[in-house]
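What follows is a set of notes on a single structure, which appears directly below.
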Amino acid sequence: MSTKILLPFLLIANIVLSCFIVQSLTLLEKEPILPPEMEKELENHLRKITALQAKKLSSIMARTKSVVEASATFSKLSWQNPHIPLPESYYHNDEVSKKTPQKTQENKTYNCLISKENSCFKIAPSAFLENYRKDYLRVRKEVEKPFDHLDLDMKEAILDTAKMDIIWKELYEQYPEHKWLYMGYEKGFHRSFPWHRYQARTYDPRVRSWYVGAVSGGKDVVLVIDTSGSMKGVPLRNTKTAMEDVLKTLGPQDRLTIIHFSSTVKVFQPNLEIATEAFVKKCVRYIDSLEAKGGTNINDSISQALDILKNQGNSSRTPVVIFMTDGEATAGEKNREAIQKNILAKNDFGVRIFVFGLGTQLDFQLLENIARQNKGADVYVQDSQDLIDAMKRYYQFFKIGKSVVWSWPYVDANGLGMVMAASKAVTVEGKFIGVVSADVSLVELIGKLKTFKTSPNSYNFIFDSGGVTALHPSFLNQAPGDWQEDSMRVSIEDLETNASEFIALKDKVIRGLPAIGIVPYGEEKKIVVMQPIAQSSLFFASVVPVKDLTGQPKKGSEQLSLLWPVMIASGMGFLITALGAWRLNLFLSSATKESKKTGGISL
């Protein structure tokens, strides 16, 4: 064979062999496929670790619940026992009292002046005597004396509740992860610890989700809104405002949808959805779009609401219809007795129907009977503006809850980042007096998550029963004071993956079952383990790349160090090939010359 042909052939063969070796090395470095027996063993191992991690978080939540229980117990005791002495002074951050606590300090965590010795309080505008309410919302004058515009019972309640400082000071020192300890009172004021300068003249605790959730418990709610022609103008505008305020009282334990009716009935969506912030905003936009026209079909609207609730199946939540109208039946079934009979017959599963009547052109007898026969209540207002205040407190007709409930995570107004409220209703001798609460800092929980790594590249996150993110490693890129609910309270799929395997695991754990599986994140595979966090409405998840558990690919200098032997071997092969070809070429040349001299035949 000619040297000119043999040398390229050997070089090409060497290059192909080198490429094959490099490719084999690269394939070995890719993510391996787990054998079934190893996959099962790893899943069991990770399930145990994640269960332990969820249990640790649960113990933190349990401590928060214990703080709330202690506050509730002391609140009952102090309300009943006049012999418990008051602290030396009480304070109000709207300057009802001009005093400032003696021991105050600027606190970087709270970003304001605080006192760890005293609480402060705020009064809702509606708690004042009627002739002063509008003045209270205006710019304050030095000569104003708001305390003079409260009735005697309210003044005494504000004074007596200063006793809460005794228990709150002790709890705050023992459990510093609880940044705010507070209580909203049925009378319309709010007391919180530690004392701070924060001003909020419009704050009414009675319409906050942490307060309402503790009072009423979980609810399946259908809002039924009259959009007949008589609602046009101010009545519909105020109804929209009232309904939007009702939406803001819903929490993680609640589900809802909306119906509006005139001559016909229209449903926002046929299935109830958990009252996440995103869904509530969607509902608000829908309510804002409603227009008034047509007749008033009371029978079909309530019947449709009952059908929706019945189709949801069994639920631990209380089924509720909140019905608002300004007229009498003018479309569909118009006979009063027939309407009552139809609704009562269809409501064979305990739905509570709350009726709000606006104006004077109402069938009072019909509305009263609907409410009374269906374990609800009827409220009538002459002025559409009063409807807003009336609908805010629909929950007062519920049986008072007895357990501690959790709110949605929310951004603290003082820059503490995301917090969650644990709350409990307080009753004294059967009389409801208010709701105690404690905020746990999710920043503190993030600190705990850092210690829960199961492999070099693993991470953890927490989401709530609506599938909405509560905590995620990506939050660490922001200072707590910069956290915004709109950018953080997003679907967990938006931050992780929308792969069907991931969604199936999420849906399973929300039903209360531990879930584990291998989930594709693009081209990479990760093991995802999810566990319910007892004592809360949250779920803990751990994500571990498969490569972490079977030998991860080498990167940077590690890959280069592995390639050096191949590169050297390839180079040596090239030199040996070239040298061999050169020697062969010399041999063949010499043989040719010798052959010519001897006349022999070159072999």
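Heavy atoms only: backbone and side chains are in, while hydrogens, waters and symmetry mates are out. Index from 1, following the sequence.
In Gln361, the CD atom is not crowded: 12 or fewer heavy atoms of neighbouring residues, nucleotides or ligands sit closer than 6.0 Å. Applying the 6.0 Å contact sphere to CD of Glu337 captures more than 12 heavy atoms from other residues, nucleotides or ligands.
The pair Lys179-Asp439 does not count as a salt bridge, with every side-chain nitrogen at least 4.0 angstrom from each carboxylate oxygen. Using a 4.0 Å cut-off between charged side-chain N and carboxylate O, Lys122 and Asp204 make no salt bridge. Using a cutoff of 4.0 Å between basic side-chain nitrogens and carboxylate oxygens, Lys240 and Asp288 are not scored as salt-bridged. Glu69 has a carboxylate O that lies under 4.0 Å from a charged side-chain N of Lys424, or vice versa, which qualifies the two as a salt bridge. For the pair Asp363 and Arg336, the salt-bridge criterion is met [side-chain N within less than 4.0 Å of a carboxylate O]. Residues Glu328 and Lys334 are not paired through a salt bridge, judged by the lack of any N-O separation under 4.0 Å between the basic side chain and the carboxylate.
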Run the ring-ring contact (aromatic ring centres under 6.0 Å, His included) test on Phe323 and Phe356 for me, step by step, so that the C-alpha distance in whole Å, both residues' side-chain angles and the decisive distance to 0.1 Å come before the verdict.
CA-CA 6 Å; Phe323 178 81; Phe356 293 86; 9.8 Å; no
Show the numbers, then the answer: is there a ring-ring contact (aromatic ring centres under 6.0 Å, His included) between His190 and Phe121?
CA-CA 5 Å; His190 176 266; Phe121 61 90; over 10 Å; no
Worked check of side chain to side chain donor-acceptor pair (under 3.5 Å) between Ser262 and Ser228:
CA-CA 4 Å; Ser262 51; Ser228 61; over 6 Å; no
Could you go through the side chain to side chain donor-acceptor pair (under 3.5 Å) check for Gln304 and Asp300 one step at a time?
CA-CA 6 Å; Gln304 184 70 48; Asp300 290 355; over 6 Å; no
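Distance check, rounded to the nearest 0.5 Å: NZ of Lys526 to OH of Tyr521 gives 5.5 Å. The CZ atom of Arg191 sits 3.5 Å away from atom OG1 of Thr161, with the distance rounded to the nearest 0.5 Å.
Note: Tyr185 and Trp79 have parallel aromatic rings, judged against thresholds of 30 and 60 degrees for the angle between ring planes.
Side chains of Val224 and Ile322 form no contact here, defined as non-hydrogen atoms less than 4.5 Å apart.
Of the residues Lys266, Glu291, His260, the one that meets the side chain to side chain donor-acceptor pair (under 3.5 Å) test with Thr227 is His260. Tested against Phe461 for a side chain to side chain contact (heavy atoms under 4.5 Å, CB included), the candidates Leu495, Val543, Thr469 yield a single pass: Val543.
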